[in-house]
There are 2 protein chains.
Amino acid sequence: MRPNKRDELVRKALQVFYKSGFHATGMDKLVVETGVSKTSMYKHFRTKEELILAALRLRDENFRNWFLRRVQELADTPAEQLLASFDALGEWFNEDGFRGCMFIKAGAEFQEKEHPIHVQAAEHKRALLEYFTDLARKAGARNPEALGCQILLLKEGAIVTAVLLKSCDPARDAKAAARVLLDAALA
Amino acid sequence: MRPNKRDELVRKALQVFYKSGFHATGMDKLVVETGVSKTSMYKHFRTKEELILAALRLRDENFRNWFLRRVQELADTPAEQLLASFDALGEWFNEDGFRGCMFIKAGAEFQEKEHPIHVQAAEHKRALLEYFTDLARKAGARNPEALGCQILLLKEGAIVTAVLLKSCDPARDAKAAARVLLDAALA
DNA sequence: GCAAAACTTTACCGATCAGTACACATTAAC
DNA sequence: GTTAATGTGTACTGATCGGTAAAGTTTTGC
């Protein structure tokens with residue numbers, strides 16, 4: 001039960017869940033995709049739910065690492081970073097394999113508020129809310145909690161719209177909106 | 001094969017799909033819930049997909065009817081109606097059975113862009129985008145397409161956030177953001 | 001080298017999946 | 001009243017669901 005083997009399984013499962021959904025992806029399919037036997041899979045993860053939770057943890061780590069780093073590369077000051085967030089999102093939307101936000105989808109497929117998967121999806125969003133609120137505070141916004149939440153609303157809305165309406169450019173419109181909100185919060 | 005019987009089946013299926021999801025809801029469960037036999041169910045709907053599409057059509061009709069009417073009740077001028085949209089959303093979020101947006105969930109479970117269910121979910125969002133754009137135009141916004149899209153982003157973001165983060169009040173923050181954006185678009 | 005632990009495969013479990021064959025019941029036409 | 005069309009319930013199909021028992025193979029510690 002080498003730990004790197006487990007990581008490899010989680011990585012592959014993440015890909016398949018992201019592309020095909022949670023309920024629609026059976027353990028048999030994952031077994032075929034990973035090339036491992038079913039028994040081995042269940043040695044590493046006691047249930048499918050445990051595997052999904054592990055995949056979500058990895059996704060949270062990957063996405064936040066990428067996003068925060070990318071935003072830092074794109075801008076220096078907190079105010080500029082708030083706006084640059086939407087440039088980073090725009091890059092993500094244009095990636096080949098873009099299929100929306102894994103945590104929105106997880107929350108949609110596991111809707112009971114107490115469900116561990118739903119809870120973990122909520123934690124991801126809460127972490128991003130804190131990130132935005134922190135930037136808003138450092139930028140000197142009058143009400144950083146409100147501005148942080150509004151930036152989050154724009155981000156989530158942009159993701160959903162990027163998935164469902166290919167015709168418009170949500171990252172651009174969201175960035176323009178964020179600029180207006182930011183200016184108003186600093187004035 | 002009375003047509004009203006079919007409507008009743010769609011209505012019930014809509015409830016179950018909304019509460020439990022699409023893949024997670026089997027036809028057997030729907031048969032039990034509706035009290036009709038499986039054969040009858042498949043006389044009305046040739047496949048599960050056809051039933052889902054019918055449920056989504058009903059949901060689109062119900063939601064748009066309710067939303068547009070409620071907004072009209074809450075405000076008179078187009079500008080005020082844009083803002084009142086978020087009061088209507090807030091009422092929806094506080095309803096007992098609130099489980100998020102059925103079309104976001106449908107788009108999340110059926111991700112292939114050409115899939116009929118995905119297409120139908122996208123059409124719902126497009127209709128709402130047109131509604132907001134229309135209001136923005138009537139309100140005299142400088143760039144009604146951009147403002148309409150931004151209002152839509154706030155709405156979708158508010159829905160997602162209402163599902164995943166119970167602690168904050170997305171309808172309030174979204175309305176405040178919409179007011180700032182509206183003022184900026186009219187100035 | 002030897003034994004225990006770790007890991008694997010094969011074959012299977014009962015439950016449920018979407019969908020159907022077929023016989024039985026009901027209605028309507030005349 | 002008979003016939004034909006329509007609707008219904010029972011019982012089933014093969015496939016797949018999440019998960020497991022048991023036996024074989026490889027690795028590890030000493």
Side-chain angles (χ1 to χ4, degrees), chain A residues 1-57 105-106 108-112 114-118 120, chain B residues 1-57 105-106 108-112 114-118 120:
Chain A
M1 203 138 76
R2 296 153 298 182
N4 54 335
K5 183 70 176 174
R6 187 189 146 104
D7 291 350
E8 190 187 323
L9 293 178
V10 174
R11 206 161 13 210
K12 187 67 189 176
L14 171 54
Q15 290 176 19
V16 181
F17 282 137
Y18 183 63
K19 185 194 285 187
S20 305
F22 300 100
H23 284 106
T25 301
M27 290 299 271
D28 298 84
K29 182 173 180 180
L30 289 169
V31 159
V32 170
E33 293 276 332
T34 56
V36 86
S37 78
K38 210 165 182 182
T39 309
S40 301
M41 185 70 91
Y42 274 96
K43 277 274 157 48
H44 287 285
F45 312 96
R46 281 183 322 192
T47 62
K48 184 185 182 182
E49 180 178 314
E50 196 172 301
L51 175 55
I52 293 176
L53 288 171
L56 287 179
R57 268 189 293 271
K105 296 195 283 191
E109 287 205 48
F110 302 90
Q111 308 186 72
E112 302 83 27
E114 321 78 22
H115 195 296
I117 294 176
H118 189 98
Q120 189 154 325
Chain B
M1 204 137 77
R2 296 154 298 184
N4 55 334
K5 183 70 176 177
R6 187 190 146 105
D7 290 351
E8 191 188 322
L9 294 179
V10 174
R11 206 161 8 199
K12 188 67 191 176
L14 171 53
Q15 290 176 21
V16 181
F17 282 137
Y18 183 63
K19 184 195 285 186
S20 305
F22 300 101
H23 285 106
T25 301
M27 291 298 270
D28 297 83
K29 182 173 180 180
L30 290 169
V31 159
V32 170
E33 293 277 332
T34 56
V36 86
S37 79
K38 211 164 182 182
T39 309
S40 301
M41 185 69 91
Y42 275 96
K43 277 275 158 44
H44 288 285
F45 312 97
R46 282 184 321 194
T47 62
K48 184 183 183 182
E49 179 177 314
E50 196 173 302
L51 174 56
I52 293 177
L53 287 171
L56 287 179
R57 268 189 293 271
K105 296 194 282 191
E109 287 205 47
F110 302 90
Q111 309 187 73
E112 301 83 27
E114 321 78 22
H115 194 296
I117 294 176
H118 190 97
Q120 190 154 325

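Order of the sequence lines sets the chain letters (A, B, ...), proteins ahead of strands, with each chain counted from 1.
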Separation of D:dT20 atom P from A:Met41 atom CE, nearest Å, is 14 Å

Where is the tightest heavy-atom contact between A:Ala55 and A:Leu14, given as atom of each residue plus distance?
O-CD1, 3.8 Å

How many whole angstroms separate atom CD of A:Glu49 from atom P of D:dC17?
18 Å

Send over the distance from B:Lys48 NZ to C:dC17 P, rounded to a whole Å.
8 Å

Take atom NE2 of A:His44 and atom C1' of D:dG19, then tell me their distance rounded to the nearest Å.
16 Å

Provide, to the nearest angstrom, the distance between the CZ atom belonging to B:Phe22 and the P atom belonging to C:dC17.
16 Å

Option from A:His118, A:His23, A:His115 for which side chain to side chain donor-acceptor pair (under 3.5 Å) with A:Glu109 holds
A:His23

Please report the shortest heavy-atom distance between B:Phe45 and B:Ala54, naming the atom on each side.
CE2-CB, 4.2 Å

If you assign B:Asp28 and A:Arg46 each to the DNA chain D nucleotide with the nearest heavy atom, which residue ends up on the more 5' nucleotide?
B:Asp28

Could a donor-acceptor pair under 3.5 angstrom be found where the side chain of B:Lys38 meets the base of D:dG9?
no

Separation of A:Met27 atom CE from D:dA15 atom P, in whole Å?
22 Å

Can you tell me how far C1' of D:dT20 sits from CZ of A:Phe45, to the nearest Å?
18 Å

Checking B:Gln111 side chain against A:Lys19 main chain: does a donor-acceptor pair fall under 3.5 Å?
yes

Are OP1 or OP2 of D:dG19 and a side-chain N or O of A:Tyr42 less than 4.0 angstrom apart?
yes

Measure from the side-chain N and O atoms of A:Lys105 to the backbone N and O of A:Tyr18, and report whether any donor-acceptor pair falls under 3.5 Å.
yes

Carefully, step by step, assess A:Phe17 and A:Leu56 under the rule side-chain contact (heavy atoms from CB on, under 4.5 Å).
CA-CA 10 Å; A:Phe17 282 137; A:Leu56 287 179; over 6 Å; no

Are the side chain of A:Glu33 and the backbone N or O of A:Lys12 linked by a donor-acceptor pair below 3.5 Å?
no

Taking atom P of D:dG18 as reference, at what distance in whole Å does atom CG of A:Leu51 sit?
10 Å

Taking only N and O in the side chain of A:Ser37, is any of them less than 4.0 Å away from OP1 or OP2 of C:dT9?
yes

Between the protein and nucleotides 21-27 of chain D, list the N/O to N/O atom pairs that are separated by less than 3.5 angstrom.
unit_1 : atom_1 : unit_2  : atom_2 : d
D:dA21 : N6     : A:Thr39 : OG1    : 2.9

